[in-house]
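Reading through the structure tokens given below for one structure.
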Protein chains: 2
Amino acid sequence: MPNNHKENAKIFKAFCDETRLMVLSLLQSGEKCACVLLEQVNVGQPTLSHHMRILVDSGVVSARKQGKWTHYSISKSGSAKAKELLDLLTTVNESENEIGCCNE
Amino acid sequence: MPNNHKENAKIFKAFCDETRLMVLSLLQSGEKCACVLLEQVNVGQPTLSHHMRILVDSGVVSARKQGKWTHYSISKSGSAKAKELLDLLTTVNESENEIGCCNE
DNA sequence: TAAACATATCGAATAAAATCAATATGAGGT
DNA sequence: ACCTCATATTGATTTTATTCGATATGTTTA
């Protein structure tokens, strides 16, 4: 039983919260600094910072620090990995040794 | 501000829990009934039922009731929709009207 | 119809996540 | 050096999710 499930779940945590999806959709038009995101998303500054951390930790978003500002953008490699993983998780390999139920 | 974000988040809820990923990986070898899943996943019966509901609600898994048993399988269309959505959410449309930061 | 079984639902307990106010950090400007 | 601004962190609170025991529902079998 190989268990990278916990790690994989972390990647999809990025997408399973309303606020984070809002942030992602804002980042689709390109890199944004936190202050811009803060204006658009209806949460306080510490809450945004918390969500950005989850997004960055998932690998889907990357952060670039420039002076006072932190610029966030969608990571091409990170989102590619997420897509790849989603593919892996939902592919069905219907093999011959199929046991549908306990009594079949 | 178009908000299907809440609905979209629901789809990815399927993938952001360790137990549900375990279930999904079991379903990759084909349709399984709840009793089989219950043997493999280390949770109680009501807990499994709860997770299956979240998976079915997300559309990624479909349920087929046959007598006493409920057979679960990965939904081709549901997972296709999830993939499509993931694609939509992570695509960057770098347009010309780019505002990177508040002071730029 | 009664018993046995598979799964779902309910209610309560516990765990985890989200949120905010207050404060810390660290960079620039004066 | 001091002040200001942008973001991060901390600690507490509220909300949401997970889990389990008990029970309900609905199906098959005797």
Side-chain angles (χ1 to χ4, degrees), chain A residues 3 5-24 26-27 31-58 61-73 99-104, chain B residues 3 5-24 26-27 31-58 61-73 99-104:
Chain A
N3 258 21
H5 292 315
K6 195 178 282 187
E7 185 135 344
N8 291 341
K10 206 173 88 173
I11 293 175
F12 292 106
K13 287 250 165 76
F15 304 96
C16 70
D17 176 89
E18 205 182 344
T19 304
R20 292 194 284 273
L21 288 188
M22 181 70 192
V23 168
L24 278 173
L26 290 168
L27 294 180
E31 188 182 66
K32 299 270 177 303
C33 94
C35 53
V36 171
L37 297 173
L38 193 55
E39 285 172 345
Q40 308 283 334
V41 178
N42 198 28
V43 292
Q45 182 271 319
T47 301
L48 178 65
S49 183
H50 166 246
H51 284 299
M52 296 320 292
R53 194 143 109 82
I54 290 170
L55 284 167
V56 170
D57 283 355
S58 77
V61 167
S62 49
R64 181 175 65 88
K65 240 178 166 148
Q66 184 185 31
K68 295 198 276 189
W69 299 284
T70 310
H71 296 251
Y72 294 101
S73 57
I99 35 150
C101 188
C102 24
N103 65 337
E104 281 169 19
Chain B
N3 255 22
H5 292 315
K6 195 179 282 188
E7 184 136 346
N8 291 341
K10 208 173 86 172
I11 294 175
F12 293 106
K13 287 250 166 75
F15 304 97
C16 71
D17 175 89
E18 204 182 344
T19 304
R20 293 194 283 273
L21 288 188
M22 182 70 193
V23 168
L24 278 174
L26 290 168
L27 294 179
E31 188 182 67
K32 299 269 178 303
C33 94
C35 54
V36 171
L37 296 173
L38 192 55
E39 286 172 345
Q40 308 284 334
V41 176
N42 199 28
V43 293
Q45 183 271 320
T47 302
L48 178 65
S49 184
H50 168 247
H51 284 301
M52 295 320 292
R53 193 142 111 82
I54 291 169
L55 284 167
V56 169
D57 283 356
S58 78
V61 167
S62 48
R64 180 175 66 88
K65 240 176 164 147
Q66 184 184 29
K68 293 197 278 188
W69 298 283
T70 310
H71 296 252
Y72 294 101
S73 57
I99 36 146
C101 190
C102 24
N103 65 337
E104 281 170 18

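By convention in this document, chain letters (A, B, ...) are assigned in the order of the sequence lines, proteins followed by strands, and residues within each chain are numbered from 1. Source: prediction; values computed, not measured.
In this entry the distance linking CE of A/M52 with P of C/dA18 reads 14 Å, nearest Å. One can place CG of A/L48 at 12 Å from C1' of C/dT19, the figure rounded to the nearest angstrom. B/L55 places its CG atom 16 Å from the C1' atom of C/dT7, with the value rounded to the nearest Å. Rounding to whole angstrom units, CD of residue A/E39 and C1' of D/dT7 are separated by 15 Å. Between A/H71 atom NE2 and D/dA8 atom P there is a gap of 12 Å when expressed in whole angstrom units. Straight-line distance from the NZ atom of A/K10 to the C1' atom of C/dA17: 15 Å, rounded to whole Å. Atom pair A/L38:CG and D/dC5:P shows a separation of 15 Å (rounding to whole Å applied). In this structure, the CZ atom of A/R64 is 12 Å from the P atom of D/dT7, given to the nearest Å.
The closest donor-acceptor contact from the side chain of A/R64 to the backbone of A/S73 lies at 3.5 Å or more, if one exists at all.
The only member of A/R53, A/Q45, A/M52 that meets side-chain contact (heavy atoms from CB on, under 4.5 Å) when paired with A/S49 is A/Q45.
Annotation for A/L27 and A/Y72: closest pair CD2-O, 3.4 Å, computed over non-hydrogen atoms. Nearest heavy-atom pair across B/K13 and A/C16 is CE-O, 3.4 Å. Shown here for B/V43 and B/L38, the closest heavy-atom pair between the two residues is O-CD1, 3.5 Å. A pairwise comparison of heavy atoms in A/T70 and A/A63 identifies CG2-CB, 4.0 Å as the closest pair. A pairwise comparison of heavy atoms in A/M22 and A/Q40 identifies CE-O, 4.2 Å as the closest pair. Taking all atoms of both residues into account, the shortest heavy-atom contact from A/R20 to A/A14 is CB-O, 3.3 Å.
Overall bending of the helix from C/dT1-D/dA30 to C/dT30-D/dA1, expressed as the angle between end axes built from five pairs apiece, is 20° (10° steps).
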>> Please encode protein proximity along nucleotides 24-30 of chain D as a string of B, S and -, counting only heavy-atom distances under 4.0 Å.
In response: ---BS--

>> What does the B/S/- profile of nucleotides 12-20 of chain D look like, 5' to 3', with a 4.0 Å heavy-atom cutoff to protein?
In response: -----SSBB

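Aromatic ring pairs are classed by plane angle as parallel below 30°, tilted from 30° to 60° and perpendicular above 60°; the pair B/F15 and A/F12 is tilted.
Closest to the A/R53 side chain, of the nucleotides C/dA8, D/dT7, D/dT9, is D/dT9.
Residues B/V36 and B/L26 have side chains not in contact (no heavy-atom distance under 4.5 Å, counting atoms from C-beta outward). In this structure the side chain of A/H51 never reaches within 4.5 angstrom of the side chain of A/V23, judged on heavy atoms.
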